[in-house]
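Heads up, the thing below is written out as structure tokens.
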Amino acid sequence: MRRRATAIAAVLALAALAIVAAASAKVDRAAAPSATASADRQLVSCGKTVTMGMLAPITGPAASLGKLQTDWAKFYVAAHNKVKKNKHKLRVQFGDTVLGGPGGTAEAVKAAQSLGSNVLGTIGPAGSNEVRATTATLKNAGLAFVSGSATNTELTTDGTRTNFFFRTVPPDSAQGTSVANFIDKKLKFKRVYIIDDQEAYSTGLADTVQQKLRAAGVTVSRDGVSQQQSDFSSLIAKIPRDTQLVYLPWQLPPKGKAFGDQMRSAGKGSIILMGSDGLFDDAFASLGGVYASSFPTSGTHPVVKAFRKAHGGDAEFFGAPSYVAAQVVGGAIDRACKDGKASRAEVRAQVRKTNLKKTVLGLNVRFNAQGDIRGGQFGIWKATSAGTFLPVG
Amino acid sequence: MNWSLFWDLTVSGLTLGSVYALIALGYTMVYGILKLLNFAHGDVYMIGAFMGWFALHWLGGPVNPSATAWLVVVLMFLFAMVACGGLGVAIERFAYRPLRNAPRIAPLISALGVSFFLQNSALLLFGASFRDYDTFHLIGAKTYNYKDIFLSVPQLLTIVSAIGLMIGLTLLVARTKIGKAMRATSFDREAASMMGIDVDRVIASTFFIGSALAGAAGVMFALVFGQIYHFMGFLAGLKGFTAAVIGGIGSIPGAMLGGLLVGLAESYATGYLPQGSTFQNLYVFALLILIILIRPSGLLGKADVKKV
Amino acid sequence: MADELTPQVPPDQPRIGVDEWVASVEGKRERYRGPVGWLRRGWDTAPAGARLLAFVIPAAIFPLVTTEGNLFRYGLITLLYALLGLGLNVTVGFAGLLDLGYIAFFGFGAYTYGYVASVHTGHHWPAVPAILLAIAVAALIGFIVGFPSRRLVGDYLAIVTLFFGQAFVVFVNNGDRINFWPFNRTDLTGGANGLDNIDPLKLFGWTVNTTKEYYWFTLGAFLLVIILLYLVSESRTGRAWKALREDPLAAEVMSMPVNRLKLMAFVFGAAIAGFAGAIYGSVQTGAFPGDFDVGLLITIYAIVILGGAGSLAGVIVGALVVNGVPELLRDPNQAEWVFYTALVLLVLTKVRPWQKLVTVVGGTLALGFALVAIADAWFPRWTAGEPNTGKLAHWVSHWMLLPSHATQIANWAYALTIALILVLTLLRGWWRTIVMIPTIYVGAFAWENLLVEQTVGATRFLLLGALLVVLMNARPQGLFGTARVEIV
């Protein structure tokens with residue numbers, strides 16, 4: 001009897017709560033537009049230090065990628081803070097998105113939610129699915145987010161994040177087309193094997209290249225590996241000896257190198273390997289004779305040289321677009337802060353107006369209406385036997 | 001029938017299978033005595049790979065080792081095995097011993113905590129970048145062949161040392177006093193303690209041996225496949241656990257068989273089935289379920305007789 | 001903190017002739033002693049409604065006193081994980097079934113909701129029918145998986161459900177290229193890119209779009225489920241489940257329909273997971289394959305077991321700990337306070353009697369200041385480093401050595417701390433007290449020079465892992481657990 005009474009009381013309390021919640025939420029809804037607007041237009045005084053956010057995979061299976069990106073971003077911030085002309089010092093608040101980790105994309109959203117109210121613009125997130133998941137949060141907060149590695153084509157074509165999301169890497173459609181054209185028209189190969197790593201970045205590229213090659217009459221076989229796999233020997237045994245090229249749109253250069261080494265041990269070293277921009281790295285290049293696609297990032301660029309020197313000879317090319325992303329956001333904040341105060345909306349407008357010359361990517365950076373780099377040309381590179389990449393197409 | 005493909009797949013299956021077998025042995029030994037699934041075992045394997053790397057670099061590195069390559073390899077193995085054995089004993093002492101009489105699922109969460117701790121400590125101390133064993137410079141990649149069967153030196157090393165370790169373990173369990181004590185404890189822990197067996201010491205020895213094997217597996221894997229990083233233990237641990245169950249959890253020869261079977265199954269699935277590599281985990285699991293349906297306690301497991 | 005309810009016999013001795021109830025009486029008396037005991041007695045004797053209110057009132061006030069970011073991280077995600085935990089609690093805690101594919105039901109809920117309410121597929125159902133569909137689909141799949149597995153026990157059920165979970169992930173990951181009859185070139189799940197642009201919940205004309213609104217909705221859903229579960233656990237079925245969990249053979253002999261009960265538990269848990277999945281899909285505005293993998297499964301298991309399998313209140317606390325602790329440690333300043341507070345509390349509560357406490361505290365402080373003074377005078381490199389930001393860090397920097405280029409030294413200090421802790425447990429008496437002093441100092445050294453820089457990354461998960469080990473060792477039955485849950 002008492003139990004029933006408590007149950008009824010609890011249900012009534014719940015109902016009352018729901019009504020109160022609905023009532024207050026309605027009030028909240030009316031306030032919502034201005035709540036968003038207030039985050040958007042709130043003026044942050046620029047003072048001595050201004051903060052930008054960075055969302056990257058600092059822990060988890062993709063931590064090695066996060067390290068490359070954060071290394072380059074920190075390099076930019078250090079260089080920026082040394083320049084006397086800059087009135088404010090830049091500071092980065094990091095958010096760990098644990099890409100590929102147990103919490104899934106919820107971790108990325110939590111990281112985005114952890115950015116403080118003094119953050120004026122953000123670099124990242126790194127993964128395309130993370131960009132999708134965090135869009136609502138970052139848009140509500142009014143933050144611009146510039147990614148140095150999210151390449152999924154739909155991110156800029158589906159219209160949900162225009163003027164908020166920008167990226168300093170080309171979309172999969174551009175990269176896929178260049179790669180397919182190179183394989184078909186330049187190398188004139190007829191038998192290609194594509195191996196993806198089951199992640200969004202990889203399958204997108206693989207699908208584009210496969211489709212275009214098949215349309216051009218090339219025989220394409222397709223299979224996949226897990227991004228955490230290191231043993232490719234069984235798959236390599238399956239690859240027919242008359243295959244001319246194996247395309248690896250992967251993200252982790254050490255895995256690419258491991259694949260190349262295992263190909264050689266299996267006696268299939270004569271089959272050409274080609275990687276995507278994720279494999280454009282010294283580790284993969286050390287195999288010698290491999291191809292990779294990338295922006296015209298040059299090893300002779302002074303910033304790249306300085307970075308190499310500061311990082312024990314490793315250029316960590318995967319992170320170079322994150323340097324440019326940091327340049328974009330940092331530069332936008334600098335310009336917005338000229339009058340001593342800046343709001344996130346101002347920073348976004350300034351990002352849209354970015355005009356960087358001779359960046360480490362080897363080209364000038366200006367954004368088109370969707371948020372991609374205008375005229376981002378993709379090049380194919382070939383590694384010399386000494387392990388450096390030289391442009392070939 | 002493409003024999004060359006078949007032999008290639010068999011060799012790579014046996015190589016990977018040897019690694020899985022060693023990991024599975026650790027799982028099965030601990031389960032046999034404590035009825036506990038040691039989630040942290042995969043991370044002990046990862047630490048073993050890193051310990052081997054440190055040993056390699058303290059001895060001069062792969063390109064210019066300060067002793068002959070073979071001696072360096074042996075020392076790497078020994079260092080990794082001892083370090084991991086010690087780590088296993090410490091884990092048992094801190095994370096599992098207080099929970100010995102708790103419900104079975106409590107040590108599972110403790111093991112999970114240890115796993116988080118080890119993975120992230122490795123990330124903190126060793127960094128996020130991949131490290132390379134650079135086996136090519138250390139012992140070369142010369143390939144031996146007999147007709148259609150090709151074996152490279154690292155693969156041969158892995159299979160031979162795995163077999164050696166397994167024979168050693170079998171002899172230890174069958175012939176030595178500590179082995180007898182282990183068998184008795186896994187049969188009936190209370191009766192064993194009543195017979196004067198120091199159960200704590202037996203359990204510590206079991207963890208030592210199981211973890212040492214995992215450490216050896218880590219070094220072996222890295223010698224053949226090259227790359228090590230802080231997250232490599234997760235997938236390997238899961239596969240090792242699957243192998244232990246396939247072979248009959250609690251049975252030592254079962255774990256060896258299960259490991260080799262999982263390695264071969266993955267290899268053949270990748271090689272022969274459509275989109276084999278993409279779906280290889282599923283194929284292995286399907287095999288596992290098939291085996292469980294036919295022999296519910298695993299291939300070599302004993303049916304658990306519950307006294308009511 | 002010994003387990004008060006199990007017999008006070010050394011763990012490895014055979015318990016011949018001990019009556020478990022008699023042996024636990026002393027433990028039960030201990031339980032209600034002292035101020036903590038007073039709280040426990042209040043909690044145990046309060047009616048269920050009051051206990052619920054004790055949770056609801058702070059949860060309801062929370063959004064009014066905190067920022068949106070904190071509300072999302074600590075409030076919304078914790079509630080979602082707790083909701084998932086409630087479902088798993090039915091399967092594992094009430095009925096004792098080790099379901100390792102549980103997270104696939106969560107995924108089914110998210111994908112089903114997304115399929116009928118997203119820009120990606122073009123359907124835009126309102127929330128109520130969409131959520132009901134998600135629950136129904138998840139329950140149906142639960143039935144389909146549970147039916148052939150109802151006879152399996154223990155590890156075998158685990159393997160089959162694990163397979164199912166893996167199959168789900170592979171399916172949704174490749175579900176944009178389904179190409180066999182009768183589905184030609186169908187995109188069911190969006191593949192590796194996920195089912196994106198899922199609609200926000202549309203309830204009777206009101207669209208849920210801000211974090212606060214999502215929080216209220218999720219809180220309401222959570223309360224609904226927890227009240228339902230409470231009523232079920234007190235019902236005939238709930239009692240039958242508990243009997244099944246304790247001893248399946250006895251339950252069967254008592255003519256309980258064991259297989260049917262197992263199936264019901266399975267389906268019930270799956271339905272709750274489906275509900276949680278639908279909400280999660282709309283919160284994330286997308287359903288992505290990587291979100292429904294073994295990693296999250298293990299996290300939810302940790303929540304349920306930590307809280308005490310079978311306990312409803314425990315799930316809430318478990319979710320707060322497993323989700324809240326890494327979030328709390330994200331900010332280095334906050335983490336600094338948490339670390340030193342925890343350290344001080346640990347020392348104060350664990351070191352007895354007061355003479356030893358004074359020795360440890362005084363000794364550690366003296367050691368620190370002495371080392372800093374010596375370093376300032378003769379080894380300036382050891383205090384040349386930058387103190388971390390924040391007031392507390394500034395105070396600590398007078399006590400702690402902060403070398404420049406500290407990374408290598410700090411790495412070794414970290415390893416040394418762990419070694420010293422191991423040594424500590426082997427010592428007794430005054431030796432232990434004395435060794436405690438350098439242990440604490442070296443540990444704090446490793447913290448200041450290495451760990452605190454990585455709080456946004458590795459440190460917070462590392463500490464979560466250590467916390468899990470400590471909590472499980474302190475209370476093996478879980479924080480709110482009572483009965484022994486033997487998984488058969």
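By convention in this document, chain letters (A, B, ...) are assigned in the order of the sequence lines, proteins followed by strands, and residues within each chain are numbered from 1.
When B:Ser12, B:Ser277, B:Ala128 are compared by the number of non-hydrogen pairs under 4.5 Å with chain A, B:Ser277 comes out ahead. Your options are A:Ala283, A:Ala266, A:Ser234, A:Ala237, and the one with the most heavy-atom pairs under 4.5 Å with chain B is A:Ser234. Here A:Gln228 is the residue among A:Glu316, A:Lys257, A:Lys67, A:Gln228 with the most heavy-atom pairs under 4.5 Å with chain B.
Going from atom OG1 of A:Thr59 over to atom CG of B:Leu124 covers 11.5 Å, rounded to the nearest 0.5 Å. Note that the CG atom of B:Leu9 and the CG atom of A:Leu235 stand 10.0 Å from one another [nearest 0.5 Å]. Atom OG of A:Ser230 sits about 10.5 Å away from atom CD1 of B:Ile228, to the nearest 0.5 Å. To the nearest 0.5 angstrom, A:Gln229 atom CD is 8.5 Å from B:Leu16 atom CG. Going from atom CG of A:Asp231 over to atom NZ of B:Lys239 covers 8.5 Å, rounded to the nearest 0.5 Å.
Contacts between A:Ser226 and chain B at a heavy-atom distance below 4.5 Å involve the side chain alone, from C-beta outward. There is no contact between B:Gln119 and chain A, counting heavy-atom distances below 4.5 Å. A:Leu68 does not touch chain B: none of its heavy atoms, backbone or side chain, sits under 4.5 Å away. With a threshold of 4.5 angstrom between heavy atoms, A:Asp223 approaches chain B through its backbone and through its side chain. Proximity to chain A is absent for every atom of B:Tyr268, based on heavy atoms less than 4.5 angstrom apart. Using a 4.5 Å cut-off between heavy atoms, B:Phe234 contacts chain A through its side chain alone, with no backbone atom that close. When heavy atoms are compared at a cutoff of 4.5 Å, B:Ser129 approaches chain A by way of both its backbone and its side chain. Both the backbone and the side chain of B:Phe225 come within contact range of chain A, judged by heavy atoms closer than 4.5 Å. Interface remark: B:Asn120 contributes side-chain atoms only to the contact with chain A (heavy atom separation under 4.5 Å).
Using a 4.5 Å heavy-atom threshold, the side chains of A:Pro254 and B:Tyr229 count as separate.
When all heavy atoms of B:Thr278 and A:Gly224 are compared, the closest pair comes out as OG1-N, 2.9 Å.
In terms of modelled atom types and a separation under 3.5 Å, the side chain of B:His230 and the main chain of A:Gly60 share a donor-acceptor contact. Judged by distance alone, the side chain of A:Lys238 and the main-chain N or O of B:Thr270 form a donor-acceptor pair under 3.5 Å.
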